[in-house]
K.L.:
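Have a look at this one before I ask anything.
Along the sequence shown, residues are numbered consecutively beginning with 1.
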Amino acid sequence: MTPPRPSPEAAPADARRAAATRTAGGGLVCAAVALVLVGSALWPTVAGVVLAALGIGLGIAALVRSRGTGGRRLLVVSSVAAIVLGTLGLLTGGARLALWPVAEAYQECVAGTLTLSGAAQCQQELEDGVWSYLSGSPGASADDAAGAASTSNASPSNASPGPGAAPVRG
């Protein structure tokens, strides 16, 4: 006994569903790779932002393509996941690129510190640098902050007072 031949309307619906599934899968891959790249150096961050935008576009295209096909729950979930991950990557990468001088100074500061107090100082300088960068106030530049943090960890006169001492805030 031969199986029933599919109707001519079913074949285009299956082809549309397969195309939408490939599109959603591509969007998920782009968005996931974007999230990995946005935490890197300058050019990988730029590539991550581009891939995040592509992931959002592919997620939206998959939702549009899936319209009119049956059994699209997994397709909708993967498309929405691509859009959400792409948006997260786009926001993270965009913020990192917008604050690039401050972020680069923070990376250099953390790479040069050996102590937890030095890392906390780097974190404080990052916060101060972000606010001064965003407000445009003529505070200490990000390069000055990175240089101050790296010298504070190198000289013994600026050593932390010890575990029982109260922290001094400036």
Side-chain angles (χ1 to χ4, degrees), residues 6-7 9-136 141-147 149-150 153:
S7 66
E9 295 85 31
D14 289 340
R16 281 195 328 227
R17 185 180 311 125
T21 303
R22 286 191 305 270
T23 305
L28 272 173
V29 169
C30 287
V33 171
L35 281 176
V36 172
L37 290 177
V38 295
S40 301
L42 178 63
W43 292 113
T45 301
V46 171
V49 168
V50 170
L51 283 175
L54 184 64
I56 293 170
L58 288 174
I60 292 170
L63 282 176
V64 170
R65 284 183 173 184
S66 71
R67 209 172 157 164
T69 62
R72 57 182 225 157
R73 181 177 301 168
L74 182 61
L75 184 58
V76 169
V77 169
S78 60
S79 298
V80 169
I83 293 169
V84 169
L85 290 176
T87 302
L88 183 62
L90 190 64
L91 291 175
T92 304
R96 185 167 171 89
L97 289 175
L99 299 170
W100 188 258
V102 178
E104 191 66 23
Y106 175 72
Q107 291 289 68
E108 291 173 8
C109 180
V110 169
T113 189
L114 299 174
T115 63
L116 290 175
S117 63
Q121 183 179 0
C122 292
Q123 181 68 33
Q124 182 62 41
E125 289 171 0
L126 172 68
E127 292 170 8
D128 293 343
V130 166
W131 288 115
S132 67
Y133 188 80
L134 290 177
S135 67
S141 71
D143 295 332
D144 295 340
S150 64
N153 289 331

K.L.:
Compare every heavy atom of Ser40 with every heavy atom of Thr45, then report the nearest pair and how far apart it is.
P.N.:
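The pair with the smallest heavy-atom distance is OG1-O, 3.2 Å.
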K.L.:
Measuring from Leu74:CG to Arg17:CZ, what's the distance to the nearest 0.5 Å?
P.N.:
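If we round to the nearest 0.5 Å, Leu74:CG and Arg17:CZ are 11.0 Å apart.
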K.L.:
Is Leu42 close to Leu97 at the side-chain level, that is, under 4.5 Å between some pair of heavy atoms?
P.N.:
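They are in side-chain contact.
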K.L.:
When you look at Leu126 and Val130, which way does the side chain to side chain contact (heavy atoms under 4.5 Å, CB included) test go after all the steps?
P.N.:
CA-CA 6 Å; Leu126 172 68; Val130 166; 4.1 Å; yes
K.L.:
In Å and rounded to the nearest 0.5 Å, what is the CZ to OG1 distance from Arg16 to Thr21?
P.N.:
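The OG1 atom of Thr21 is 12.0 Å from CZ of Arg16, to the nearest 0.5 Å.
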K.L.:
Over all heavy atoms of both residues, which pair between Ala24 and Ser78 is shortest? Give the atoms and the distance, please.
P.N.:
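Minimum heavy-atom contact is CB-OG, 3.5 Å.
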K.L.:
Could you grab the distance from atom CG of Leu75 to atom OG1 of Thr23, nearest 0.5 Å is fine?
P.N.:
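One gets 8.5 Å once the value is rounded to the nearest 0.5 Å.
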K.L.:
Would you say Thr113's side chain and Cys109's backbone share a donor-acceptor pair under 3.5 angstrom?
P.N.:
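Answer holds: no.
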K.L.:
Between Val38 and Val49, what is the shortest heavy-atom contact and its length?
P.N.:
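Distance-wise, the nearest heavy atoms are CG1-N, 4.2 Å.
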K.L.:
Is there side-chain contact between Leu134 and Leu99, with heavy atoms separated by less than 4.5 Å?
P.N.:
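Leu134 reaches Leu99 side chain to side chain.
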K.L.:
Can you tell me if Ser66 uses its side chain to pair, donor with acceptor, with the backbone of Leu63 under 3.5 Å?
P.N.:
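Side chain of Ser66 to backbone of Leu63, a donor-acceptor pair under 3.5 Å: yes, one is there.
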K.L.:
Please give me the minimum heavy-atom distance between Gly39 and Arg96, naming the atom from each residue.
P.N.:
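Answer, listing the atom of Gly39 first, then Arg96: O-NH2, 4.0 Å.
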K.L.:
Please say whether more than 12 non-hydrogen atoms of neighbouring residues, nucleotides or ligands are located less than 6.0 Å from CH2 in Trp100.
P.N.:
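Yes, because the 6.0 Å sphere around CH2 of Trp100 holds more than 12 heavy atoms from other groups.
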K.L.:
Working to the nearest 0.5 Å, report the span between CD of Glu104 and CD of Glu108.
P.N.:
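Here the rounded value is 5.0 Å.
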K.L.:
Which atom names give the shortest non-hydrogen contact between Gly89 and Ala52, and what distance separates them?
P.N.:
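Of all heavy-atom pairs spanning Gly89 and Ala52, the closest is C-CB, 3.8 Å.
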K.L.:
Listed by chain and number, what are the side chain to side chain contact (heavy atoms under 4.5 Å, CB included) partners of Val84, not counting sequence neighbours?
P.N.:
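Val84 satisfies side chain to side chain contact (heavy atoms under 4.5 Å, CB included) with Val80 once adjacent residues are dropped.
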K.L.:
What heavy-atom pair brings Ala31 and Gly86 nearest, and what distance separates the two atoms?
P.N.:
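Looking at all heavy atoms of both residues, the closest pair is CB-N, 3.5 Å.
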K.L.:
Within this structure, what is the CD1-CG distance for the pair Ile83 and Leu28, rounded to the nearest 0.5 Å?
P.N.:
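Rounded to the nearest 0.5 Å, the CD1-CG separation comes out at 10.0 Å.
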K.L.:
Distance from Leu35 atom CG to Leu51 atom CG, nearest 0.5 Å?
P.N.:
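One gets 10.5 Å once the value is rounded to the nearest 0.5 Å.
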